[in-house]
Amino acid sequence: MNGCQQVFALRNYDLAATLASGQAFRWRYRDSAWHGVIGPRWVRLHAADNLLTAQTAAPVPDWNWLTHYLQLDLDLDRVLATFPSDDAMRSAVAACSGLRLLRQDPWECLASFILSSTKQIVQIQQIIALLCEHHGSAIEVAPGHAAIHAFPSPAQIAALSEAELRACKMGFRAPYLLATARLIAHGKLNLARLESMSVVEAREQLLQFPGVGRKIADCVLLFAYGFQAAFPVDVWVMKALRELYFPKRRPNPQRLLRFTESYFGTHAGYAQQYLFHYMRTRPRLA
DNA sequence: GCCCAGGTGAAGC
DNA sequence: GCTTCACATGGG
């Protein structure tokens with residue numbers, strides 16, 4: 001057969017919620033499977049009965065890149081056990097107990113979240129699809145599947161003009177992405193070095209990039225580097241904190257940030273993702 | 001038309 | 001210091 005297929009055991013893993021929960025933006029569900037790109041590889045994922053079937057276009061020497069990306073070896077129950085036991089957190093976990101955090105490529109994650117500001121997830125997906133289609137390298141797919149491109153490298157984006165980026169519908173974010181790509185492509189800042197830093201040092205580095213503030217920095221710290229203390233506060237999480245934890249008062253953002261740093265435990269970032277997902281998916285009140 | 005979206009940076013007080 | 005505003009674009 002063409003390519004390569006492998007089966008993995010899943011335990012308490014909601015693949016659909018995880019791939020569609022606004023961490024990564026390139027996964028699409030078609031013909032009862034998830035299709036996406038991890039690094040240089042096209043991947044098709046199908047989950048059923050606690051079994052995950054993964055297919056690639058070309059044979060692969062090992063599957064560590066996939067188990068790492070999906071964090072298949074993580075014992076989620078141990079993470080959930082560290083959450084504070086309050087009604088809000090219980091509701092959020094009950095709403096989606098198999099929600100996971102991915103471990104993405106830092107550059108793709110950074111670039112994606114620079115493009116995310118004041119955009120709905122559907123629109124972020126559209127912008128990134130255009131960016132990859134126009135400027136990413138074509139990669140091999142299994143026979144019968146639509147052509148697809150890798151996420152463009154820093155060098156590929158650094159070589160573009162702002163107008164070419166704006167043609168991908170990213171609007172005022174174009175100069176931020178361009179400047180960030182050039183800082184990396186020209187060696188001014190090195191994303192690989194952040195892995196060995198403390199979360200505070202790594203955040204400081206990310207804040208050097210134009211268009212990157214505290215929220216986007218924390219997304220990258222959490223979704224790419226796995227810093228469990230990172231706690232991105234977007235409009236949804238802000239809403240969750242105010243409604244669920246401070247319904248009477250009106251604490252300012254700085255005070256709220258201090259609360260998140262102490263209250264949610266050693267896997268605060270994970271707790272944050274549950275609150276985010278809960279707020280976005282719970283039935284709207286009349 | 002209106003308001004909002006996984007915000008940030010700069011200008012104004 | 002803190003608050004307000006501009007920035008593109010599209011969904012509901």
Side-chain angles (χ1 to χ4, degrees), chain A residues 17-27 92 95-96 99-104 106 108-131 133-134 160-181 183 189 203-225 227 230-244 250-258 260 264 268-286:
Chain A
T18 300
L19 297 182
S21 66
Q23 307 174 55
F25 302 99
R26 299 200 65 198
W27 292 99
C96 189
L99 179 63
R100 303 287 188 129
L101 290 179
L102 301 170
R103 193 67 65 87
Q104 303 177 56
E108 176 170 344
C109 189
L110 172 62
S112 296
F113 277 95
I114 285 174
L115 299 177
S116 76
S117 67
T118 54
K119 277 289 183 193
Q120 296 182 20
I121 290 174
V122 180
Q123 300 172 275
I124 302 166
Q125 292 170 339
Q126 291 169 350
I127 293 169
I128 291 172
L130 279 174
L131 179 68
E133 193 180 321
H134 292 174
L160 299 173
S161 67
E162 184 180 318
E164 286 173 302
L165 289 176
R166 281 182 186 264
C168 299
K169 311 288 189 186
M170 63 183 71
F172 63 83
R173 304 157 196 82
Y176 295 147
L177 179 63
L178 185 55
T180 293
L183 281 170
L189 288 164
R203 180 183 291 124
E204 205 173 298
Q205 293 296 303
L206 290 170
L207 291 173
Q208 305 295 310
F209 293 110
V212 177
R214 172 66 185 245
K215 189 268 170 182
I216 290 176
D218 276 25
C219 284
V220 179
L221 292 171
L222 184 62
F223 302 146
Y225 293 97
F227 285 106
F231 196 102
V233 179
D234 75 321
V235 293
W236 291 99
V237 175
M238 180 65 78
K239 196 168 150 68
L241 293 173
R242 290 207 162 127
E243 282 184 18
L244 304 175
R250 187 84 180 165
N252 64 35
Q254 187 150 341
R255 180 120 187 85
L256 275 178
L257 206 52
R258 197 158 314 133
T260 66
F264 288 100
Y270 241 105
Q272 171 276 153
Q273 192 65 9
Y274 275 84
L275 291 175
F276 175 75
H277 190 269
Y278 176 55
M279 294 303 285
R280 283 176 31 86
T281 56
R282 67 177 183 172
R284 302 276 292 135
L285 302 173

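Each chain gets a letter, A, B and so on, in the order the sequences are listed, and its residues count up from 1.
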Categorize [X] for me: base, sugar-phosphate, or nothing, with a 4.0 angstrom heavy-atom threshold over every strand shown.
| X | value |
| --- | --- |
| Ser21(A) | base |
| Phe25(A) | nothing |
| Gly22(A) | base |
| Gln273(A) | base |

* To do: Determine the Euclidean distance between corresponding P atoms of dG6(B) and dT3(C); express it in Å to zero decimal places.
  =>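 Between the two P atoms, the distance is 25 Å.
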* **Whole-angstrom distance between dG1(B) and dG11(C), as gauged at atom C1'** =>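 It comes out at 14 Å once rounded to the nearest Å.
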Distances for protein N/O vs nucleotides 2-6 of chain C N/O pairs under 3.5 angstrom?
none

Tabulated below should be each protein N or O lying under 3.5 Å from an N or O of nucleotides 11-13 of chain B; please produce it.
none

* Please round to the nearest 0.5 Å and tell me the distance separating atom CG of Leu275(A) and atom CE of Met238(A). =>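 Answer for the CG-CE pair, Leu275(A) versus Met238(A), is 13.0 Å.
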* So how far is it from Phe25(A) CZ to Leu131(A) CG, rounded to the nearest 0.5 Å? ->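 Output value for this atom pair is 13.0 Å.
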Please write out each protein N/O paired with an N/O of nucleotides 8-12 of chain C under 3.5 Å, distance rounded to 0.1 Å.
from: dA8(C); atom 1: OP1; to: Arg166(A); atom 2: NH1; distance (Å): 2.9
from: dA8(C); atom 1: OP1; to: Arg166(A); atom 2: NH2; distance (Å): 2.9
from: dA8(C); atom 1: O4'; to: Phe172(A); atom 2: N; distance (Å): 3.3
from: dA8(C); atom 1: N3; to: Arg173(A); atom 2: NH2; distance (Å): 3.4
from: dT9(C); atom 1: O2; to: Lys119(A); atom 2: NZ; distance (Å): 2.5
from: dT9(C); atom 1: O2; to: Gln123(A); atom 2: NE2; distance (Å): 3.4
from: dG10(C); atom 1: O4'; to: Gln123(A); atom 2: NE2; distance (Å): 2.8

* Whether Trp236(A) stacks on the six-membered ring of dG6(B) base, 5.5 Å and 30° limits ->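 Base of dG6(B): not stacked against Trp236(A).
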* Side-chain N or O of Arg280(A) less than 4.0 angstrom from OP1 or OP2 on dG6(B)? ->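 So the side chain of Arg280(A) is within the cut-off, an N or O lying under 4.0 Å from OP1 or OP2 of dG6(B).
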